[in-house]
2 protein chains.
Amino acid sequence: MNLPPLIQSFVLHFGEMGSHWGINRTVGQIYALLYVSDRPLNADDIVEAIGCSRSNTSMALKELQAWRLVKLQHLPGDRREYFSTPEDVWAIFKTLAEERQKREVEPTLTMLRGAIMETPAGEAERHAQARMNEMYQLIELVTKWFADIRDMDVETLEKLMKLGSQVGKVLQFTQSLGRLAGRDSGKED
Amino acid sequence: MNLPPLIQSFVLHFGEMGSHWGINRTVGQIYALLYVSDRPLNADDIVEAIGCSRSNTSMALKELQAWRLVKLQHLPGDRREYFSTPEDVWAIFKTLAEERQKREVEPTLTMLRGAIMETPAGEAERHAQARMNEMYQLIELVTKWFADIRDMDVETLEKLMKLGSQVGKVLQFTQSLGRLAGRDSGKED
DNA sequence: TCGAATTTTCAGTATTTTCTGAAACTTTGA
DNA sequence: TCAAAGTTTCAGAAAATACTGAAAATTCGA
């Protein structure tokens with residue numbers, strides 16, 4: 001690996017971090033490299049920078065594309081494929097959230113739904129089913145909320161986040177207003 | 001593995017899911033088993049249920065304890081250690097968020113802070129640093145917000161989540177009120 | 001259609017991670 | 001202090017995952 005020290009430490013960190021996230025080292029490193037690069041890179045640039053094999057690079061890029069985390073583009077007068085990451089960090093964050101939702105949360109919800117439908121045989125299963133239902137309700141609530149939040153525009157989202165826990169007070173205040181006006185401002189269960 | 005089918009599919013699913021999360025299969029399975037169990041289990045109960053070795057169970061339980069995801073307790077008149085998960089799914093969710101924050105987010109923020117402090121040598125490093133700063137700001141914002149949210153009581157949290165994206169409208173409305181009253185209701189940068 | 005440039009696949013190898021059984025250690029009651 | 005019950009450690013085996021180089025496939029201009 002032959003990179004400016006600042007970039008190198010970033011790339012190495014993401015490589016290590018990958019393992020905590022079920023992502024392999026090369027994939028993490030390549031993503032980090034593209035993220036900080038000031039121009040799109042082709043596969044050979046990446047091999048040169050990271051020091052992995054050409055085929056490994058190809059695999060890793062395919063995976064990053066499957067995650068929609070890198071964009072493929074062509075430069076005029078060059079047949080090679082160039083890769084870059086989206087500029088907007090919020091967009092990246094949203095993509096990541098969507099993909100994790102699809103790959104990890106959805107299958108779990110499906111499994112839970114199936115289990116909750118079954119008729120329990122005996123007390124152990126009955127209790128297990130009740131627990132699964134608690135988990136299901138929580139995941140579904142958080143998931144829907146995340147989806148709502150994802151679809152907010154970044155401006156509003158940033159305001160909301162900066163407001164932090166004060167939003168609780170705002171909420172209570174608004175609900176009082178709603179009651180005064182004779183309607184409930186929140187969704188019903 | 002010798003479990004009622006409903007529980008077995010839950011346990012197996014969490015085992016598989018583990019790999020996507022950088023958690024090993026046995027750890028995932030044991031957690032799932034404890035989560036749905038209607039009583040605390042000791043290590044031998046777990047070996048019996050999951051079908052792994054005693055030592056593997058010991059390792060996995062240690063890891064789950066390090067994550068604060070299982071509670072250790074003793075039953076009167078029994079020397080063995082019994083394990084269970086917290087009842088409250090919200091508490092579990094919060095613990096998970098806190099631990100991931102500590103293990104994955106903090107180290108990344110530290111690395112980014114270090115890199116951003118450095119004096120860039122050349123244009124590539126300057127650009128990389130700017131990108132790292134964007135990432136840093138985003139992570140810090142989301143992180144602080146999460147911490148705020150974690151500390152809200154569950155009642156308020158559920159209301160907020162059920163409100164969903166409508167919170168954006170509430171927010172804008174409240175800010176108008178704030179302006180009318182001659183002050184800003186949000187935190188400053 | 002050919003052939004040069006480029007990308008992808010894949011079988012085998014290397015590395016890493018997980019798991020086990022045996023031994024060491026700890027705790028507790030007598 | 002001893003012995004029984006229980007837990008943890010650890011070196012090596014087994015399994016899973018990542019990586020490579022060579023060969024196959026694809027793309028595209030002439």
Side-chain angles (χ1 to χ4, degrees), chain A residues 1 11-34 40-67 70-84 103-104, chain B residues 1 11-34 40-67 70-84 103-104:
Chain A
M1 192 177 300
V11 166
L12 290 178
H13 179 91
F14 265 73
E16 298 309 317
M17 235 42 197
S19 15
H20 291 283
W21 275 78
I23 283 169
N24 87 42
R25 193 157 41 89
T26 310
V27 172
Q29 290 181 348
I30 291 180
Y31 181 78
L33 178 67
L34 291 174
L41 303 178
N42 64 43
D44 290 323
D45 293 336
I46 294 170
V47 167
E48 159 79 10
I50 304 273
C52 56
S53 74
R54 188 58 209 353
S55 52
N56 197 5
T57 302
S58 174
M59 296 290 215
L61 286 169
K62 228 172 109 186
E63 175 143 6
L64 286 169
Q65 283 175 282
W67 277 85
V70 301
K71 285 183 304 190
L72 167 63
Q73 60 199 290
H74 286 276
L75 298 190
D78 191 334
R79 259 176 66 184
R80 288 169 297 180
E81 299 183 324
Y82 284 78
F83 299 89
S84 60
R103 290 157 195 252
E104 289 153 30
Chain B
M1 191 177 303
V11 165
L12 290 178
H13 179 90
F14 265 73
E16 298 310 317
M17 237 40 199
S19 16
H20 292 284
W21 275 78
I23 283 169
N24 88 42
R25 192 158 42 88
T26 311
V27 172
Q29 290 181 347
I30 291 181
Y31 181 78
L33 178 67
L34 291 174
L41 303 179
N42 64 45
D44 289 323
D45 293 335
I46 295 170
V47 167
E48 160 79 11
I50 305 271
C52 57
S53 74
R54 185 59 188 58
S55 52
N56 196 6
T57 302
S58 174
M59 297 289 216
L61 285 170
K62 228 173 109 185
E63 175 142 7
L64 285 169
Q65 283 176 281
W67 277 85
V70 300
K71 285 183 304 188
L72 167 63
Q73 60 199 289
H74 286 276
L75 298 191
D78 191 335
R79 262 176 64 184
R80 289 170 296 180
E81 299 182 326
Y82 283 78
F83 298 88
S84 61
R103 289 157 196 252
E104 289 153 31

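Numbered from 1 within each chain, the chains take letters A, B, ... in sequence-line order.
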*Can you give the first and last nucleotides of DNA chain D, 5' to 3', that have an atom under 4.0 Å from a heavy atom of chain A?*
D:dA18 to D:dC28
*Hey, can you pull the residues of residues 14-32 of chain B with a non-hydrogen atom under 4.0 angstrom from DNA chain C?*
B:N24, B:R25, B:T26
*Atom CD1 of A:I46 and atom P of C:dT6: how far apart are they, to the nearest Å?*
15 Å
*asked:* What is the distance, to the nearest angstrom, from the CG atom on A:D78 to the C1' atom on C:dA5?
replied: 10 Å
*Hey, could you give me each pair passing salt bridge (Lys or Arg N to Asp or Glu O under 4.0 Å) that has a residue in residues 41-55 of chain A? Not counting sequence neighbours.*
A:R39-A:D45, A:D44-A:R54
*Taking only residues at least two apart or on different chains, which pairs with a member in residues 70-79 of chain B satisfy side chain to side chain donor-acceptor pair (under 3.5 Å)?*
B:Q73-B:S84, B:D78-B:R80, B:D78-B:Y82
*Could you check B:S58 against A:C52 and say which one's nearest nucleotide on DNA chain D is further toward the 5' end?*
B:S58
*For the residue pair B:W21 and A:W21, does the interplanar ring angle fall in the parallel (under 30°), tilted (30 to 60°) or perpendicular (over 60°) class?*
parallel
*Does a nitrogen or oxygen in the side chain of B:R54 sit under 4.0 Å from OP1 or OP2 of C:dT20?*
no
*Which part of the nucleic acid does B:R79 contact within heavy-atom distance under 4.0 Å: base, sugar-phosphate only, or nothing?*
base
*Return yes if the base of C:dG21 and the side-chain atoms of B:S53 contain a donor-acceptor N/O pair under 3.5 Å, otherwise no.*
no
*asked:* Applying ring-ring contact (aromatic ring centres under 6.0 Å, His included), can you list everything that pairs with B:F83, at least two apart in sequence or on another chain?
replied: none
_Test item: A:H20 and A:M17 side chains (from C-beta on) under 4.5 Å apart, heavy atoms_ = yes
*Would you kindly give the CG-to-P distance between A:D45 and C:dT6, to the nearest whole Å?*
12 Å
_Any heavy-atom pair between the side chains of A:L41 and A:L33 that's under 4.5 Å?_
yes
*Integer-rounded Å distance: C:dG12 C1' and A:N56 CG*: 15 Å
*Taking for each residue the nucleotide of DNA chain C with the nearest heavy atom, is it A:R80 or A:S55 whose nucleotide lies nearer the 5' end?*
A:R80
*B:N42 side chain reached by B:E81 side chain, heavy atoms, under 4.5 Å*: no
*Quantify the bending of the helix from C:dT1-D:dA30 to C:dA30-D:dT1 as the angle between its end axes, each fitted on five pairs, to 10°.*
20°
*d(CD, B:E81; P, C:dT26) in whole Å*: 14 Å
